[in-house]
Amino acid sequence: MRDVQKTPDTRNIPIDKVGVKNIRYPIVVLDKSKARQHTVARVNMYVDLPHHFKGTHMSRFIEVLNLYHGEISIESLDSILREMKQRLEASRAHLELDFPYFIEKAAPVSGARSLMEYQCRMIGILGEEQDFILGVSVPVTSLCPCSREISARGAHNQRSLLSVQIRYRGHVWIEDLVSWLEGCASAPVYALLKREDEKAVTEQAYDNPMFVEDIVRAVTEKLAGVPEITWFQVECENFESIHNHSAYALVESSSL
């Protein structure tokens, strides 16, 4: 049969990324306490396309994915990217995995245990050199220092979302990254709290007021002190409880 994708294109325009998006697929993630955790990722797969090809072969992306069924993990990313480059005759391959990751947490006073969900991301890129980025988004609590200062009773607090992307050498556990981020906010968020826990978390936040700027600076100080981390970007969004807007801040290590 005629291969239409390989027919010449005369417009002389190369394409940086072409491929498939939003494939739901089972993957395996390293788990600090249980060795491995099975989850389901949304997968994006792209390659570059030379200017002289009309199109890429979309079915080959799925074929590559199926080759690694049951084995898709951080350890196999390099092999998957190399297979993508070879099968699709590309010079650059790009793979994104977005997935939920679950960590068991104990409430601060009662010790009640529950599973907390965190959204994570792995990005692998292979051209002449290889690049890998690990990302995690962590819900936390922030309490406004200004509100506490000017109010006779209480202070407004809100849910915040801390999102970090890192490049690193060696290995960094997702659990450690989550713990570092939670320690940089007014208080952590839990899936299960008893009354005594709610009291403790509320008071912890009140005793530790932080602006969105304070949070990203605290994370910056923490990550800058981790020798395995070679680059990071941290952003925080506070979903304000008494304002009709969110507060936002971002720091990238290369701009320090």
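A side-chain donor-acceptor contact under 3.5 Å links K85 to the backbone of G127. With hydrogens and angles ignored, the 3.5 Å screen pairs a side-chain donor or acceptor of R148 with a backbone N or O of Y206. Checked by atom type and distance alone, the side chain of E175 pairs as donor or acceptor with a backbone atom of K32 at under 3.5 Å. N238 places no side-chain N or O within 3.5 Å of a backbone atom of F211 that could act as its donor or acceptor partner. Not a single donor-acceptor pair under 3.5 Å links the side chain of D48 to the backbone N or O of K17. With S142 contributing its side chain and S160 its backbone, the two residues share no donor-acceptor pair below 3.5 Å. No donor-acceptor pair closer than 3.5 Å links the side chain of K199 to the backbone N or O of K194. At least one donor-acceptor pair closer than 3.5 Å links the side chain of S76 to the backbone N or O of S73. In this structure, R60 contributes its side chain and R87 its backbone to a donor-acceptor pair below 3.5 Å. Side-chain atoms of S241 come within 3.5 Å of backbone N or O of N157 as a donor-acceptor pair.
Summarising the geometry of T39 relative to P100, their closest heavy-atom pair is OG1-O, 2.8 Å, with the distance given to 0.1 Å. When all heavy atoms of G154 and S151 are compared, the closest pair comes out as O-CB, 3.3 Å. Shown here for C236 and V216, the closest heavy-atom pair between the two residues is CB-CG1, 3.7 Å. Among all heavy-atom pairs drawn from A185 and N208, the shortest one is O-ND2, 2.9 Å. Considering every non-hydrogen atom in both A155 and S147, the closest pair reads CA-OG, 3.4 Å. Nearest heavy atoms, P139 versus S137: CD-O, 4.0 Å.
In this structure, I103 and L115 have side chains that are not in contact, with every pair of non-hydrogen atoms separated by 4.5 Å or more. Side-chain contact between F102 and Q37 is present, with at least one heavy-atom pair separated by less than 4.5 Å. Using a 4.5 Å heavy-atom cutoff, the side chains of Y46 and D16 are not in contact. Here the side chains of M84 and M45 are in contact, with some heavy-atom distance below 4.5 Å. For the pair L49 and P14, the minimum side-chain heavy-atom distance is 4.5 Å or more. Looking at heavy atoms from C-beta onward, V138 lies out of side-chain contact with L161 at the 4.5 angstrom threshold. Residues T220 and L223 fail the side-chain proximity criterion, which asks for heavy atoms closer than 4.5 Å. By the 4.5 Å heavy-atom criterion applied to side chains, R42 and L97 are not counted as neighbours.
Hydrophobic cluster membership is shared by I74 and I229, with clusters built from Ile, Leu, Val, Met, Phe, Trp and Tyr side chains linked at under 4.5 angstrom. Residues W180 and V212 do not share a hydrophobic cluster, defined by chaining ILVMFWY side chains whose heavy atoms lie under 4.5 Å apart. When hydrophobic clusters are built by joining Ile, Leu, Val, Met, Phe, Trp and Tyr residues whose side-chain heavy atoms come closer than 4.5 Å, directly or via intermediates, L250 is not grouped with V219. M210 and V201 are assigned to two separate hydrophobic clusters, defined by single-linkage of ILVMFWY side chains at heavy-atom distances under 4.5 Å. When the side chains of ILVMFWY residues are joined at heavy-atom separations under 4.5 Å, either directly or via intervening members, V234 and Y118 end up in a single hydrophobic cluster.
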Dump the intermediate steps for side-chain contact (heavy atoms from CB on, under 4.5 Å) on Y101 and V178, then the final yes or no. CA-CA 11 Å; Y101 186 80; V178 167; over 6 Å; no

Let me see the working for V29 and R36 under side-chain contact (heavy atoms from CB on, under 4.5 Å), right down to the final yes or no. CA-CA 6 Å; V29 185; R36 291 175 173 265; over 6 Å; no

Could you go through E235 and Y248, starting from their C-alpha distance and side-chain angles, then the distance that decides it, and tell me whether this counts as side chain to side chain donor-acceptor pair (under 3.5 Å)? CA-CA 7 Å; E235 55 184 331; Y248 174 83; 2.5 Å; yes

Any chance you could lay out the side-chain contact (heavy atoms from CB on, under 4.5 Å) test for V28 and I72, step after step, and finish with the verdict? CA-CA 6 Å; V28 179; I72 298 176; over 6 Å; no

Test log, rule side-chain contact (heavy atoms from CB on, under 4.5 Å), inputs F232 and V226: CA-CA 11 Å; F232 63 84; V226 179; over 6 Å; no

For D197 and S110, run side chain to side chain donor-acceptor pair (under 3.5 Å): C-alpha distance rounded to whole Å, both residues' side-chain angles, the deciding distance at 0.1 Å, then the answer. CA-CA 6 Å; D197 302 310; S110 70; 2.6 Å; yes

Begin from the C-alpha positions of T141 and Q158 and carry the test side chain to side chain donor-acceptor pair (under 3.5 Å) through to its verdict. CA-CA 6 Å; T141 295; Q158 53 271 320; over 6 Å; no

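A salt bridge links R167 to D131: one of the charged nitrogens lies within less than 4.0 Å of a carboxylate oxygen. Ion pairing of R121 with D98 is present here, as a side-chain N (NZ or NE/NH1/NH2) and a carboxylate O approach within less than 4.0 Å. Between E228 and R169 there is no salt bridge, since no side-chain N of the basic residue sits under 4.0 Å from a carboxylate O of the acidic one. Between K105 and E182 there is a salt bridge, with a side-chain nitrogen of the basic residue lying less than 4.0 Å from a carboxylate oxygen of the acidic one.
Pairs passing the ring pair (Phe, Tyr, Trp, His ring centres under 6.0 Å) check and including a residue from residues 133-160, sequence neighbours excluded, read H156-H243.
From L30, atom CG reaches atom CH2 of W173 across 5.5 Å, with rounding to the nearest 0.5 Å. Of the inter-residue distances, the one linking L95 atom CG with I123 atom CD1 reads 9.5 Å to the nearest 0.5 angstrom. Rounded to the nearest 0.5 Å, atoms CD (Q233) and OG (S253) are 9.0 Å apart. With rounding to the nearest 0.5 angstrom, the CG atom of D207 is 10.0 Å from the OG atom of S186. For the atom pair CG (N44) and NE2 (H94), the distance works out to 7.5 Å, reported to the nearest 0.5 Å. Remark: L81 CG to Q86 CD distance equals 13.0 Å, nearest 0.5 Å.
Side-chain atoms of W231 and E252 include a donor-acceptor pair closer than 3.5 Å.
A 6.0 Å sphere centred on CD of E149 holds no more than 12 heavy atoms belonging to other residues, nucleotides or ligands. Heavy-atom neighbours of H245 NE2 from other residues, nucleotides or ligands within 6.0 Å: above the threshold of 12. Remark: N22 CG is packed, more than 12 non-hydrogen atoms of other residues, nucleotides or ligands lying under 6.0 Å away.
In this structure N66 satisfies the side-chain hydrogen bond (donor to acceptor under 3.5 Å, both in side chains) test together with Y25, sequence neighbours excluded.
Taking the six-membered ring where tryptophan is involved, the planes of Y168 and F132 are perpendicular, since the angle between them exceeds 60° and thus also 30°.
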